[in-house]
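Reviewing the structure listed below.
The shown structure was predicted, so the numbers you read here are calculated from the model rather than taken from an experiment.
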Amino acid sequence: LYHGTLALRSGRNRKVWRKLADAAGMRVVDVNLRRPHSPAELIREAVTGAAIVKASAEEMDHAPRPLAGDWVVTHGPDGAEAITGDGRRY
């Protein structure tokens with residue numbers, strides 16, 4: 001299941017998402033940190049248990065800590081990097 005966090009702003013969408021997330025074998029989350037639509041507790045719930053989380057470098061500055069799992073961080077025209085759960089960077 002691939003999803004972003006902006007869709008989780010409504011209670012109805014969160015309810016459906018929780019059912020889909022529970023049934024998914026693997027989840028990839030695109031973190032969309034857009035104030036005021038990205039409360040830390042919602043972002044934490046969305047990334048918990050995700051196999052991979054994608055965020056821009058700017059979004060990483062505002063991502064809730066601690067970070068867990070594998071992340072793909074985009075750097076605009078400078079490309080992207082992968083950061084593993086144990087801190088290795090590629």
Those residues at least two apart in sequence (or on a different chain) that pass side chain to side chain contact (heavy atoms under 4.5 Å, CB included) with R89 are E81, I83
Co-membership, hydrophobic cluster, residues V72 and M26, 4.5 Å side-chain | yes
D70: salt bridge (Lys or Arg N to Asp or Glu O under 4.0 Å) partners, not counting sequence neighbours | none
If you look at every heavy atom in N13 and S10, which pair is closest and at what distance?
-> N-OG, 3.0 Å
Give a yes or no answer on whether the side chain of T5 reaches the backbone of N32 with a donor-acceptor pair at less than 3.5 Å.
-> yes
Name all residues meeting the side chain to side chain contact (heavy atoms under 4.5 Å, CB included) criterion together with E58; count only those two or more places apart in sequence or in a different chain, and write none if there are none.
-> S56
Joining Ile, Leu, Val, Met, Phe, Trp and Tyr whenever any side-chain heavy atoms lie under 4.5 Å apart, the cluster holding Y90 also takes in none
From CD1 (I43) to CG (L8), nearest 0.5 Å = 7.5 Å
Got a sec, which pairs hit ring pair (Phe, Tyr, Trp, His ring centres under 6.0 Å) with one end in residues 3-33, sequence neighbours left out?
-> H3-W17
With R14 via salt bridge (Lys or Arg N to Asp or Glu O under 4.0 Å) - residues at least two apart | none
Linked, directly or transitively: V28 and V53 (ILVMFWY side chains, under 4.5 Å) = no
Heavy-atom check, side chain of V31 versus side chain of L33, under 4.5 Å = yes
Is there a side-chain contact between W71 and I52 (heavy atoms, below 4.5 Å)?
-> no
Donor-acceptor contact present, side-chain R27 to main-chain A46, <3.5 Å = yes
Exercise: identify the closest heavy-atom pair between H75 and A80 = CD2-CA, 4.1 Å
